[in-house]
Every structure is written in structure tokens, then in C-alpha cells.
Amino acid sequence: MKHHYCFSLFLILVMLELITISSVAYGQGNVFKKTLNSSSLHRPKASLSIDYYHRKCPDAEGIISQKVSAWIKKDPTLAPAIIRLHFHDCALRGCDGSILLNHKGSERSAFESRTLKGFQLIDEIKSELERRCPETVSCADILTAAARDATILAGGPFWEVPFGRKDGRTSLAREASMVPHGHENITTLLEFLQGIGLDMLDLVALSGSHTVGRSTCHSFMDRLYNFNGTGKPDPSLNVNYLMLLRKRCKRESDLVYLDAITPRTFDTTYYTNLMRKVGLLSTDQSLYSDARTAPFVEAFATQPFLFRSQFAVSMVKLGNVGVLTGSTDKGEIRVNCNYVNGA
């Protein structure tokens with residue numbers, strides 16, 4: 001027990017050092033503006049830059065922010081939906097807007113993508129940007145910035161988004177099943193994230209986006225009745241929470257909040273829930289039951305500053321995954337996010 005405490009304390013000190021190096025105060029309270037050149041771990045690709053659109057389309061970020069704000073004001077569930085849409089885009093082929101392509105056999109058409117939403121918001125942003133700055137702002141950049149703005153509107157931290165991504169031309173439905181969907185073990189999740197350049201700390205931090213949003217009962221129904229084919233519920237589930245979920249999930253299509261305590265607030269309750277065995281998805285609860293990730297859960301649960309700061313750093317890293325840039329990469333600036341140019 002003493003060894004575990006010492007390790008947790010050491011971890012917190014290391015994370016504090018990381019955050020001290022990689023962030024400076026931004027605004028008021030616990031919101032921080034990230035400096036992107038402080039660590040090679042989250043440095044943007046050379047051809048991405050924060051001021052990429054300052055001359056080409058100076059109002060780009062403002063237009064994206066205004067549209068995201070207007071839509072989320074009408075439908076708050078769009079905030080976590082856009083964050084999730086961004087992850088699904090970057091997790092396959094990198095952050096190239098491939099999830100937005102809308103044709104037969106695309107990622108978007110796959111069964112695994114059926115609960116994704118927010119496409120109409122991205123389309124409206126793109127239409128306005130094409131009117132103001134034709135063939136200039138990529139769909140990939142729009143989605144990346146929209147995810148940042150959605151996070152802020154949900155109560156999360158700010159970070160600078162480096163721009164300059166091109167849009168990909170390929171999107172395959174058969175690849176959609178590769179994205180984690182809530183049933184994987186920690187080793188599988190780590191291997192997947194390491195394959196796209198992220199690490200264990202990113203896994204725990206990005207999982208914190210489940211502090212807001214909802215999930216279909218289909219994603220965790222096995223935990224309620226037949227966990228791992230045992231014919232019994234998942235023993236890692238709090239008994240009272242189990243009873244509540246059984247009442248809420250009459251159908252697999254029913255929706256349940258990912259954070260049962262503060263479902264509309266971007267906070268660290270998600271992590272304290274895991275420590276109380278009130279994690280909704282098995283991938284959530286496994287973060288605390290696995291000895292490799294549990295110390296990070298404990299650190300984030302007790303130190304909101306650490307979570308907010310690391311979430312911002314990890315989102316920058318996610319947004320840099322596999323980006324297409326410059327004239328040498330096979331990308332384009334789509335004029336319509338649903339289709340490749342000339343289709």
C-alpha cells in the first residue's frame with residue numbers, strides 16, 4: 001500500500017512538471033492556453049501552424065466557433081458528439097476528414113458509425129467558409145477546431161489548434177470496426193493508441209471526455225446480464241448502479257449518461273465514478289481495475305488541474321495524428337465535406 005502511495009505521489013509530481021513546461025495560464029480559473037512547441041510529444045507536424053489561416057481566411061476560427069456555439073446552444077448533446085466524431089476521424093487514416101465522406105461503403109455508412117452525429121453542423125460551417133473563403137479551409141481542420149470549441153462549451157479547457165490539414169480521399173466502411181467501441185481490454189486499447197502515436201497517459205486523459213455525453217445500452221448490455229459469457233453481471237459494477245442500469249435499459253437503443261453523477265458538466269467526476277465502480281462502459285471501469293492505468297485515474301480524480309491540462313495536451317496530439325499536409329501528401333481541400341472533389 002505504501003509503495004502504491006509513493007508511486008502515485010511520484011506520478012503526480014512528474015505530471016506537474018510536464019504541465020508546468022507545456023502550459024501557461026489562459027483566462028480565468030482552471031482554463032489554460034497550451035504552448036505547442038514545449039514538447040516533442042505534442043508538437044504539431046512542421047507544416048501545421050496556429051496562424052495558418054491568418055492571411056488566407058482570418059475569420060475562419062471565429063466562424064467555426066460561432067456556428068458550434070449556436071448549434072450546441074440549441075442541442076447540448078452535440079458537444080460530446082463532435083468530440084467523438086473527431087476521435088473517430090483521427091483514429092482511422094489520421095485526421096483527414098474521412099469520417100465525413102458520405103457514400104456507399106464509407107466509414108460513415110458502417111454499422112459501427114450509426115450513432116455518430118454532428119455532420120449537419122460541419123456541413124453548415126463548411127458552406128459558410130466556402131462562401132467567405134472558397135477552397136481554403138479543409139473539412140479536417142473544421143472538425144478539429146469544432147472539437148476544441150465543443151469541449152470549451154461543455155466546460156472543458158482551451159487549447160490552440162494548429163491548422164493546415166488536407167482532406168483525404170479514401171474512406172472504407174470495413175475499417176470502422178477498428179475503432180474501440182467499449183468492450184476492449186486495456187492492453188488492446190493501448191496497442192491501438194500506440195499504433196496512432198498516443199500513449200497510456202493519453203488513453204486515460206482522452207477517456208475523460210466521457211465526463212459528458214451518452215451511450216446506447218447496446219454498448220454495455222452484456223455487463224448487466226451476461227458478462228464474458230458467464231450468465232452473470234460484471235462483478236466490477238456497483239450493485240446499486242447495476243440495478244439502475246437494468247431499469248434504464250429496456251431496449252438496446254435506449255440512451256444512458258456516461259457520467260451518472262454530473263452528466264452535463266466537464267469535470268473529474270468521471271474518474272471518481274470509476275473509483276466507486278460506477279463506470280458505464282467496461283473500457284471505462286477497466287482504467288481503474290488495471291494496475292497500469294489506475295494511478296492516472298487517481299491523480300486525475302483528485303487533481304482537476306492535472307486532468308484539464310493533460311486533456312488539452314492529449315487532444316492536440318490526437319489532432320496531429322496522420323495529417324495530410326502540403327503538396328506531397330495525397331490530400332485536397334474539399335468544397336463539400338460529404339464528397340471528394342469531382343465526385
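Residue numbers run from 1 in the order of the sequence given. Predicted model only: the values in this text are computed from it and were never measured.
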Query raised in the report: With a 4.0 Å cut-off, would you call Lys317 and Asp199 a salt bridge?
Result: yes

Query raised in the report: Charged N to carboxylate O below 4.0 Å: is that the case for Asp123 and Lys126?
Result: no

Side chain of [X], backbone of [Y]: donor and acceptor closer than 3.5 Å?
X: Asn320; Y: Val316; value: yes
X: Arg246; Y: Met243; value: no
X: Ser106; Y: Leu101; value: yes
X: Thr136; Y: Pro134; value: yes
X: Glu184; Y: Gly182; value: yes
X: Asn238; Y: Tyr241; value: yes
X: Asp259; Y: Thr262; value: yes
X: His183; Y: Ser219; value: yes
X: Glu112; Y: Val179; value: no
X: Arg132; Y: Ile63; value: no

Report summary line: Which of Lys67, Lys56, Arg148 passes salt bridge (charged side-chain N to carboxylate O under 4.0 Å, His left out) with Glu61? Answer is Arg148

ILVMFWY network linking [X] to [Y], side-chain heavy atoms under 4.5 angstrom:
X: Val340; Y: Ile333; answer: no
X: Val278; Y: Met221; answer: yes
X: Leu242; Y: Leu274; answer: no
X: Phe87; Y: Leu281; answer: no
X: Leu153; Y: Leu258; answer: no

How far apart are the closest heavy atoms of [X] and [Y], and which atoms are they?
X: Ala176; Y: Ser113; result: CB-OG, 4.1 Å
X: Val161; Y: Ala145; result: CG2-CA, 4.3 Å
X: Ile152; Y: Pro157; result: CG1-O, 3.6 Å
X: Glu160; Y: Pro162; result: O-CD, 3.5 Å
X: Thr170; Y: Glu107; result: O-OE2, 4.4 Å
X: Val321; Y: Ile196; result: CG2-O, 3.3 Å

**Report entry** For Phe163, all residues meeting ring-ring contact (aromatic ring centres under 6.0 Å, His included), sequence neighbours excluded
**Finding:**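 With neighbours one apart ignored, the set is Tyr53.
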
Kindly indicate whether the side chain of [X], heavy atoms from C-beta on, has any atom under 4.5 Å from the side chain of [Y].
X: Ser236; Y: Arg223; answer: yes
X: Leu237; Y: Leu224; answer: yes
X: Cys249; Y: Phe220; answer: yes
X: Lys166; Y: Ser138; answer: no
X: Pro180; Y: Thr283; answer: no
X: Arg84; Y: Thr115; answer: yes
X: Val256; Y: Cys217; answer: yes
X: Asp149; Y: Ile82; answer: no

Query raised in the report: Do other residues, nucleotides or ligands put more than 12 heavy atoms under 6.0 Å from the CD atom of Glu135?
Result: no

Query raised in the report: Crowded around Arg248 CZ? As in, over 12 foreign heavy atoms under 6.0 Å?
Result: no

Requested in this report: Please step through side chain to side chain contact (heavy atoms under 4.5 Å, CB included) for the pair Leu100 and Leu85, ending with a clear verdict.
Outcome: CA-CA 9 Å; Leu100 304 173; Leu85 191 62; 4.2 Å; yes

Query raised in the report: How would you list all residue pairs meeting salt bridge (Lys or Arg N to Asp or Glu O under 4.0 Å) that involve residues 267-282, not counting sequence neighbours?
Result: none

Requested in this report: Determine whether the aromatic ring centres of Phe311 and Phe266 lie less than 6.0 Å apart.
Outcome: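 Under 6.0 Å, so yes.
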
Query raised in the report: Is the Tyr271 ring parallel, tilted or perpendicular to the Phe300 ring (thresholds 30°, 60°)?
Result: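 Tilted: the ring planes of Tyr271 and Phe300 meet at 30° to 60°.
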
Query raised in the report: What do the steps show when you test Arg292 against Leu190 for side chain to side chain contact (heavy atoms under 4.5 Å, CB included), and what is the final call?
Result: CA-CA 11 Å; Arg292 293 169 293 179; Leu190 286 173; 3.9 Å; yes

Can you tell me how far the [atom1] atom of [X] sits from the [atom2] atom of [Y], to the nearest 0.5 Å?
X: Asn273; Y: Leu280; atom1: CG; atom2: CG; answer: 10.0 Å
X: Trp71; Y: Thr77; atom1: CH2; atom2: OG1; answer: 11.5 Å
X: Asp59; Y: Leu129; atom1: CG; atom2: CG; answer: 9.5 Å
X: Thr151; Y: Ile83; atom1: OG1; atom2: CD1; answer: 3.5 Å
X: Tyr270; Y: Met275; atom1: OH; atom2: CE; answer: 13.0 Å
X: Arg334; Y: Cys139; atom1: CZ; atom2: SG; answer: 5.0 Å

Requested in this report: Could you tell me which residues satisfy side chain to side chain donor-acceptor pair (under 3.5 Å) with Arg93, sequence neighbours excluded, listed by chain and number?
Outcome: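 With sequence neighbours excluded, Arg93 shows a side chain to side chain donor-acceptor pair (under 3.5 Å) to Glu175, given in chain and number order.
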
Report task. Given side chain to side chain contact (heavy atoms under 4.5 Å, CB included), test Leu255 with Thr216 step by step and report yes or no. Result -> CA-CA 5 Å; Leu255 294 168; Thr216 60; 3.7 Å; yes

**Report entry** Residue pair Val335, Asn341: steps toward the side chain to side chain contact (heavy atoms under 4.5 Å, CB included) verdict
**Finding:** CA-CA 7 Å; Val335 296; Asn341 292 340; 3.7 Å; yes

Query raised in the report: Going by distance alone, is a donor N or O of one side chain under 3.5 Å from an acceptor N or O of the other, for Thr144 and Asp141?
Result: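 Checked: Thr144/Asp141 side chains show no N/O donor-acceptor pair below 3.5 Å.
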
Requested in this report: Kindly indicate, with the supporting measurements, whether the criterion salt bridge (charged side-chain N to carboxylate O under 4.0 Å, His left out) is fulfilled by Asp89 and Arg165.
Outcome: CA-CA 13 Å; Asp89 182 41; Arg165 298 164 189 79; over 6 Å; no

